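All ligand and atom numbering here is 1-based and tracks the order in the structure. Bear in mind that the values here come from a model prediction, so they are computed numbers and not experimental data.
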Amino acid sequence: MTKKITILGCSSSMGVPVAGDFWGECDPNNPKNRRTKASILVSSDNTDILVDTSVDVRQQLNDAKQKKIDAIFYTHDHSDHINGMDDLRAYSYRSGKPIDFYTNQYTADEIIKRFSYVFDGGMDSALYTPFLKPNVIENKGEITIGDIDLHVFEQDHYSCKSLGFRTGDFAYCIDVVKMDDYALDVLKGVKTFVVDGCAYHREKSVLKSHANLEQVFEWIDIIKPEKTYISDLTMHMDYDTLCKELPDNVRPAYDGLIIDVN
Ligand SMILES: [Zn+2]
């Protein structure tokens, strides 16, 4: 089944430019360096799954002209992946029902604890109706959302575990520093691989929670994807500079990138 992947955002936690209009090594004149926080859309003809909801989500969905969201998949509970969930109200109000979100038990518990008003209707439930509905999934295994199959696996993100997934010949692995054999077995043969490379230049990094380039190439050697896109990009990662440094089949992602996959 053909699916469309939209890279809604490909930055690390602070965006590019970071607050204060600081661009680091990124050329402000290249629109591909203007990055919102990491999030993607996985779309079939019938189903649209939003992966993570940062505070940039309203802008991202409007830029993509996305008229409906059938479900949300949360990779983990870090604030730059969940804190924009309030803006999903608009979709729920329009459809007249809460949006199902899928994640593991730990992340679901954290979301419900931090955003309890989303689920209990808040102080005045007549005004504020619940707009998200949790669906707890296992840390590994296959699930189906609408007509899209996902094979989910757990990733080591140092400070917590995150979830990655494969759907058909595409895989998304954000906020990850190590992967176990189960994850790598699931990923073998993937043709398009979008992966965290936040620690790009830090081969002996103190940044323990994100993959560096050495690690990304180890994974590529095992998985053998046709095309890899590096995501979770910081202000130190200029688009054109990365294109020159990387082999042709490995490219930096950019906001608005659309990839057709099977
Ligand atoms: Zn994270």
Closest heavy-atom contact between [X] and [Y]?
X    : Y    : value
R251 : P247 : NH2-O, 3.2 Å
H76  : D52  : N-OD1, 4.4 Å
I99  : A71  : CG2-CA, 3.9 Å
V176 : D196 : N-OD2, 3.0 Å

Is any side-chain N of the basic residue among D255 and R35 closer than 4.0 Å to the acidic one's carboxylate O? no

Salt bridge or not for D70 and K68, using N-O below 4.0 Å?
yes

Protein-side N, O or S atoms sitting under 2.8 Å from the Zn ion (ligand 1) are H76 NE2, H78 ND1, H157 NE2, D175 OD2

